[in-house]
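Reading through the structure tokens given below for one structure.
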Amino acid sequence: MSHAKVDPAAIRVQHVFHHFAATPVLNDVCLEVPKGTIMALLGPSGCGKSTLLKLLAGLLHPDAGQLFFGEQKVVDGRFSLPPEKRDLGMVFQDYALWPHMTVAQNVAFPLHMRGVRVSERQRRTLEALDRVGLADFGPRRPSELSGGQQQRVALARAIVAEPQILLFDEPLSNLDRNLRESLCEEMAVLLRQLGTTAVYVTHDPHEAEALAHGIARMEGGAIKRIDWLDISRVSPFVA
Ligand SMILES: Nc1ncnc2c1ncn2[C@@H]1O[C@H](COP(=O)(O)OP(=O)(O)OP(=O)(O)O)[C@@H](O)[C@H]1O
């Protein structure tokens with residue numbers, strides 16, 4: 001009889017609580033995201049989606065609960081793995097590009113932080129820009145780009161170092177509807193090609209359905225239900 005080794009989930013959130021002042025915001029949140037899958041956090045404004053994402057990113061520390069990435073302990077009691085050691089890429093609603101840097105410098109920054117040498121940095125930066133359709137835009141400044149192009153740059157910066165986990169906080173909500181739909185489709189294709197585990201915050205059910213393998217439905221600081229979409233959409237990279 002064979003005993004196949006079952007990999008731990010890429011992200012495991014266990015009994016997480018958080019409050020701001022006297023207001024509880026996360027209330028006993030548990031969530032498992034299998035390796036290579038995209039999990040949407042879907043719910044109304046104020047339900048705690050961004051707070052949960054910030055806890056994953058290490059920008060907030062929970063009052064209680066544990067967090068693991070694979071077998072690595074990330075949060076437990078007072079222990080907190082610093083954000084830069086979590087091997088994450090993030091894409092925010094407002095792009096968060098550095099205006100004084102060129103597009104290429106923005107994208108190369110995570111590689112710079114990891115001490116990747118110049119020639120390798122240039123090669124990988126160009127590859128990431130190419131993946132988002134902006135291979136010729138390296139020398140420009142972010143202010144010379146449209147909103148959709150700026151968000152592609154943010155996406156290139158998030159994937160350039162090939163992190164284990166990608167976090168998205170309503171990345172399309174500043175774009176107009178047509179652009180939102182086309183970029184959503186492109187991101188779905190790209191994320192499947194990369195096979196990276198991702199958590200994607202949105203309040204738009206269409207976006208969640210277009211992109212995600214699983215939808216965690218949040219309400220009042222808790223995950224009420226997880227719906228798995230067509231399993232054939234799960235990336236072939238799942239172990
Ligand atoms: N820094 C903060 N200080 C105090 N309260 C906060 C803080 N950040 C968030 N909150 C509150 O915590 C609750 C959850 O906020 P959160 O940003 O996680 O919600 P959300 O589901 O992401 O909402 P949205 O879709 O509007 O971004 C809200 O009631 C919000 O007002």
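Remember, it's 1-based here, ligands and their atoms both numbered in the order they're listed.
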* Could any protein non-hydrogen atom be found less than 4.0 Å from atom 30 (C) of ligand 1? -> no
* Asked: Any non-hydrogen protein atom below 4.0 Å of atom 8 (N) of ligand 1?
  -> yes
* To do: Given side-chain contact (heavy atoms from CB on, under 4.5 Å), test Val91 with Asp169 step by step and report yes or no.
  => CA-CA 6 Å; Val91 183; Asp169 196 355; over 6 Å; no
Charged N-O contact under 4.0 Å between [X] and [Y]:
X: Asp87; Y: Arg114; value: yes
X: Arg225; Y: Asp227; value: yes
X: Glu127; Y: Arg124; value: no

* Using a cut-off of 6.0 Å, state whether more than 12 heavy atoms not belonging to Glu185 lie near its atom CD. => no
* Take atom NE2 of His61 as the centre, draw a 6.0 Å sphere, and report whether it contains more than 12 heavy atoms from other residues, nucleotides or ligands. => yes
Return the closest protein heavy atom for [atom] as residue, atom name and distance.
atom: atom 1 (N) of ligand 1; answer: Phe20 CE2, 3.8 Å
atom: atom 23 (O) of ligand 1; answer: Gly46 N, 2.8 Å
atom: atom 16 (P) of ligand 1; answer: Thr51 OG1, 3.6 Å
atom: atom 17 (O) of ligand 1; answer: Ser50 CB, 3.6 Å

Contact atoms of ligand 1, heavy-atom distance to [X] under 4.0 Å:
X: Val25; result: 12 (O), 13 (C), 14 (C)
X: Ser45; result: 23 (O), 24 (P), 25 (O), 26 (O)
X: Pro44; result: 21 (O)
X: Glu170; result: 25 (O)

* Using a distance-only test with no angle check, is there a side-chain donor-acceptor pair under 3.5 angstrom linking Tyr200 and Glu170? -> no
* Any donor-acceptor pair under 3.5 Å from Arg86 side chain to Leu81 backbone -> yes
* Structure fact -> Among His19, Lys49, Gln93, the residue with a heavy atom nearest to atom 21 (O) of ligand 1 is Lys49
* Asked: Has Gly43 got any heavy atom lying under 4.0 angstrom from an atom of ligand 1?
  ->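 No, Gly43 has no heavy atoms under 4.0 Å from ligand 1.
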